[in-house]
Amino acid sequence: MTPANDDRILIIVGSYTAASNGNGEGIGTFWRDGRTGELTPAGSLELDSPSWLTPHPTLPVLYAVNETAEGAISAVAVAGDGTLEVLNSLPTGGADPCHLAVTPDGRFLLCANYSGGSLAAFALGPDGVPTVRTALVQHEGGGPNAERQEAAHVHMAVVDETGTLVSAVDLGTDEIRSYRIGEEGDLIPVSVSALPAGTGPRQLVRRPGTGHAYVVGELAASLVTVREEPAGTFTVVNSVPATLNPGGENLPAQLELHGDRLFLSNRGPEAITEFALDGVLPKAVADHGTGEGPRHFSIIGEHCYVASQNNDAIQAYERATWRLIGTYPIGSPAFVGPWRR
C-alpha cells in the first residue's frame, strides 16, 4: 500500500491491443512523483483495447471501453497499490466504443459507440459494477466527408454538472445530440445542435460558469466556440484553426481546459497547441512539440503527460519550458490520466 503521506499519485494508461490492430497489452498504471513528475511502473492488466478510461466518482472502480468490433465496457477494481482486477464486462450494443462518462451520483455510465453510431447508458450497482444496459439510442445521417462521415459516429458522451443531461458529440453527422437521463437510465431526446458541415466534431468541453463550451473539429482541424442556451442546445459563436501555424494534414484529438488556458493535441503537426482565453474566445499562443500521434494527454500539476500513440510511449514534459523529462515505453497508448483528480 502507498503510505498516507506519500506525495505520489497513480497514473492510468489505456492502450490499443491486437484486438484492434494495436501492439499494447491493455491498462498500465504508474506512480507519479509529485516533485519531479517522473513515472514508475506500478501494475498492468491485459484487456482488449481499453482506449478510454474513467473512474467512478467515489468508489475504487475504473471503467474501460473495449474498442473492438463487438464493443464492450469493462469494470476494473483498483487496489491501493495500483494493481487491477476485472470485475465484469457488458456489451455496449455498438461497435468500437471510444468514450465513457459517469454521472456525478455514480448511478449511470454513458458510452459513445463510434462505429456503431449510438449512445448507450448502463445502470451501476451500489458497488459501482455495471448491472444492465438501460438505453441504446441509434443516430442516423452523415456528412460531406465521404470517407469519415458515411454514417453516424458518436465520439464523446458529455454529462453536465447536474448529472441529468448527456450530450453526444457525433463526428459523422456534424451534430451534438442532447438527452435527458431518466430516473431508470432511459435517454429522452432534448435537442439536436448542428455544426458547420464537415466539422467532424470529436470532443466537447464546457467552461464552467460561462454558458460556453469548446468543440474539437477533427475533420476541419478547428476549435469551435459554442454557446449553450438552453441546457443541451449549442449555437456556434466562432471557429479558429486548431494550431498556431495551420497548414498540412491535421487531425486534432484531445482538448483540456486548464485554468484560463485551453490545450489541444494535433496529430500531423505533432504538437499540443496552447490557447489563451480572451473572455470566452480562444486565441492560439503556442505550439508545443510532442512525439508522433498525440492522441491523448493530461496536465497534472506542473507537468504534461502525452500518449504518443505512434511512438509507443508516454512522454512527460515540464510545462513551464516544455522540456522533455521522461519517455516511458508502452504499446499503442490511447489514454493517459490521473486515477483521481
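Any value given below was found using the heavy atoms of this structure, including those in side chains, with hydrogens, waters and symmetry copies removed.
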Side chain Glu256, main chain Arg261, donor-acceptor under 3.5 Å: no
Pairs satisfying salt bridge (charged side-chain N to carboxylate O under 4.0 Å, His left out), at least one member in residues 196-214, at least two apart: Arg202-Glu218, Arg206-Glu228
Backbone of Gly125 reached by a side-chain donor or acceptor of Thr131 within 3.5 Å: no
Backbone N/O of Ile9 and side chain of Arg32: donor-acceptor pair under 3.5 Å: no
Inter-residue atom distance Leu165.CG - Thr103.OG1, 0.5 Å rounding: 12.5 Å
Set of residues satisfying ring pair (Phe, Tyr, Trp, His ring centres under 6.0 Å) with respect to His56, sequence neighbours excluded: none
Identified ring pair (Phe, Tyr, Trp, His ring centres under 6.0 Å) partner of Phe335 from the options Trp52, Phe297, Tyr63: Trp52
Option from His99, His155, Gln254 for which side-chain hydrogen bond (donor to acceptor under 3.5 Å, both in side chains) with Gln203 holds: Gln254
Polar side-chain atom of Trp339 near backbone of Pro55 as donor-acceptor pair, under 3.5 Å: no
Derivation of the side chain to side chain contact (heavy atoms under 4.5 Å, CB included) call for Leu262 and Leu255: CA-CA 7 Å; Leu262 283 167; Leu255 181 65; 4.0 Å; yes
Under 3.5 Å donor-acceptor, Ser49 side chain and Thr68 backbone: no
Pair Asp174, Thr199: side-chain N/O donor-acceptor within cut-off below 3.5 Å: no
Check: Ala242 main-chain N/O paired with Asn266 side-chain donor or acceptor under 3.5 Å: yes
Backbone N/O of Glu318 and side chain of Glu302: donor-acceptor pair under 3.5 Å: no
Donor-acceptor contact present, side-chain Asn145 to main-chain Gly198, <3.5 Å: no
Pair Thr233-Ser193, side-chain hydrogen bond (donor to acceptor under 3.5 Å, both in side chains): steps then yes or no: CA-CA 6 Å; Thr233 299; Ser193 303; 4.9 Å; no
Worked check of side-chain hydrogen bond (donor to acceptor under 3.5 Å, both in side chains) between Thr243 and Asp287: CA-CA 7 Å; Thr243 65; Asp287 287 336; 4.6 Å; no
Pair Glu67-Ser20, side-chain hydrogen bond (donor to acceptor under 3.5 Å, both in side chains): steps then yes or no: CA-CA 7 Å; Glu67 191 175 335; Ser20 39; over 6 Å; no
Check: Thr173 side chain, Ala152 main-chain N or O, donor-acceptor pair, under 3.5 Å: no
Closest non-hydrogen atom pair, Ser178 against Gly232: OG-O, 2.7 Å
Name the atoms and distances for all side-chain donor-acceptor pairs under 3.5 Å in residues 35-46, with sequence neighbours left out.
unit_1: Arg35; atom_1: NH1; unit_2: Asp7; atom_2: OD2; d: 2.6
unit_1: Thr36; atom_1: OG1; unit_2: Glu38; atom_2: N; d: 3.2

Check: Pro97 main-chain N/O paired with Thr92 side-chain donor or acceptor under 3.5 Å: no
Separation of Phe108 CZ from Thr164 OG1 (nearest 0.5 Å): 11.5 Å
Interatomic spacing from CD1 in Ile11 to OH in Tyr305 - rounded to 0.5 Å: 6.0 Å
Verdict with reasoning, Thr162 to Asp160, per side-chain hydrogen bond (donor to acceptor under 3.5 Å, both in side chains): CA-CA 5 Å; Thr162 71; Asp160 75 346; 2.8 Å; yes
